[in-house]
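Comments concern the structure below.
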Amino acid sequence: MLASIARMIGRRLFMAFFILSFTALIVFLGTEVLPGDALTASIPAEELQFYSPEQLAQMRSELGMDRSIPVRFLEVWHQLMTFDFGTTIMKKESVATRIFHPIVNSAIMAGLALVVMLALVIALGVLASLKPGGRLDNAISTTTLFTYSMPDFVVSNVFVIVFAVWLGLVPAVIFAPTNAPKLTILAAAIVPVIALCVHGAAYQFRLLRAGMVEALNSDYVERARLAGIPQWRISVIHALPSALIPMLNATAYFVAGLLATSVVVEAVFKFPGAGGELLRALSQREIPTIQAIAFLAALAVVFANLIADLAILALDPRVRTRSSNG
Amino acid sequence: MANILIDTRRRRLSDLFGSPRLRRALSEPATLIGIILVVAHLLMALLAPIIAPYDTSALVGAPLQRPSWEFLMGTDQIGRDYFSRVVAGGRIALMVSFLGVAISLFVGTILGVVAGYIGGRTDEIVMRIVDSMMSIPDLILIAILTLALGKDVSALIPVVAVVYTWGVVRVVRAKTISLSTLDFVRAAELRGETRLAVMLREIFPNLIGLLGVELAVRISSAVLRISGLSFLGLGISQPTPDWGLMVQEAMGVVFTDPWFLLLPAIMLSSLIIGVNFMVDGLSRAFGIATAELG
């Protein structure tokens, strides 16, 4: 039993390693090999004409870009895997130092969003499943489909208009520097997190509701009902654990979506996070920074998925016995 | 006797229309509103050059005018007719999304059916690639690809195709696996039909409803992503009218003229809301599982 669980975790870790390596390859191909290269991409187009081909060739060899593609990929791969990330091409600043605070700030916001959203989704899922097809269920399902359809940048802007312009409750944009005390960052993250939840909770809610309806129709719940256990207790204690599984299976997809949305939300609220740093790096074509942030985003997704797999293992006894072949 | 028990029914396109299920779906107000919104948006996108009274990039009056009979929604910061721009603001995003999603459906269906039906090592390889691609947040993947392929509007088509293929593979593969165990597929295999024939004639026709749902959901998701990208300054650029871009431009005057922000925001939201409510209603009526919303 324990051995099979260990084997399963080992398999998942190996897959996580494979996925991250593949991600590094995609990011490398996208940023360094396709039209032009990291060097010509880093130099603004209007300045590029002042460089002679010899100068460019010399700069390339200094940066090691004249080596073959596989060698350069292995170097990038090694850097990413060891969290070294190298230095920026033009200014030679350490990428790790540059992005440390923005990444931590974004992690605070995304982590808070994750906790709030899970609590919200579970509460809504249980409420909706108390009477499937009832008025409350329909109201919650329709409302979440509606908020899910609202573009993330529209929701954020409406929040700015309502909370900052009309009500004057919070400043319209956040003026905290990236290295502000983390408590300040946490406070600044509250409104963006609500905006994230408005858009993001719906998808999770749908999966949980579907799982709840299925669980509530199963034999063991019927038995509990016949035993006279009250409905809310059946929903929370008997149905919820197995209903969480389809939702947890979609964790990777969900966290990836959350990170993508938070880039937009950060931009609207001027939150000092990794999203802003990514946009800056994209506009200045700072390849090593883009690679580092993309890789860390994928790492967050893979890590969240790993935790979700462990949670499923704890919730579903069938997976434990099946794990020898899956 | 055993022959009769073999389920050889296949779902055909003609079954989808004119059925009591469709009528039941249309009786739900949310579904009906969704369909009306989608049709209105498609008509507006198609007829935009006829509806729009002015050229979308022409400077036709003083900037930031109030709405009047001459300019139904006023003029924007540099004096372009806002109504013309709002009407045309979804065209490019819709067209790019449609073409990109069509490619991703084509490729994704082939990969998904092959992985699901052949199984084994093929399935393993395809699914590991799918898992990897889906671990990169789509916005970051799009940003990297636009960096590589350039910011031209036509470059967004392959970008959309690359981003949306993997979700299609997952959904199609899951459906293929559940179909593969059904009697009519087994019957075809026992008749000695080739794998290719089984995939094309037995499995594919049963995927059409699902693919219709996928098409609609992925297009609405792609429109959302492209406008988000334009909003961030990474997608469609000036002077092309685009709702995401218009929301971004309007942020500068949000304190004095919030309408400039709300109009394109309402247009974009109503399109996405329309698609999602339409798909939700129709797929429930036809029993197509849509756990995987775009």
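What's counted below: heavy atoms across the whole structure, side chains too, no hydrogens, waters or symmetry copies. Since the structure is predicted, the reported quantities are computational estimates derived from the model, not experimental observations.
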Practice task
Count the heavy atoms belonging to other residues, nucleotides or ligands that lie under 6.0 Å from CZ of B:Phe98, then report whether that count exceeds 12.
Solution key: no
Interchain contact, [X] with chain A, by part (heavy-atom threshold 4.5 Å):
X	value
B:Ser220	neither
B:Leu141	side chain
B:Leu261	side chain
B:Ala30	neither

Measure the spacing between [atom1] of [X] and [atom2] of [Y] and express it to the nearest 0.5 Å.
X	Y	atom1	atom2	value
A:Tyr203	A:Thr144	OH	OG1	13.5 Å
B:Ile144	A:Leu282	CD1	CG	8.0 Å
B:Leu105	B:Tyr164	CG	OH	12.0 Å

Ranked by heavy-atom pairs below 4.5 Å to chain B, first place among A:Ala16, A:Ala267, A:Ala256 goes to A:Ala256
Ranking A:Asn157, A:Thr23, A:Ile26, A:Val154 by heavy-atom pairs under 4.5 Å to chain B gives rank one to A:Asn157
Exercise. Would you call A:Asp152 and B:Arg225 a salt bridge, using N to O less than 4.0 angstrom?
Worked result: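 Yes, this pair counts.
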Salt-bridged, B:Asp280 to A:Arg206, with N to O below 4.0 Å?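 Salt bridge flag = yes for A:Arg206 with B:Asp280.
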Sort [X] into side chain, backbone, both or neither according to what part of it lies under 4.5 angstrom from a heavy atom of chain B.
X	answer
A:Ser141	neither
A:Thr142	both
A:Val302	side chain
A:Ala294	both
A:Phe146	both

| request: Please check if the side chain of B:Trp166 supplies one atom and the backbone of B:Asp131 the other of a donor-acceptor pair under 3.5 Å. | output: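 Side chain of B:Trp166 to backbone of B:Asp131: no pair is present.
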Only residue of A:Thr289, A:Ile99, A:Ile290 satisfying side-chain contact (heavy atoms from CB on, under 4.5 Å) with A:Leu278 is A:Ile290
Checked B:Ala250, B:Gly228, B:Ser270 vs chain A; the most non-hydrogen pairs under 4.5 Å come from B:Gly228
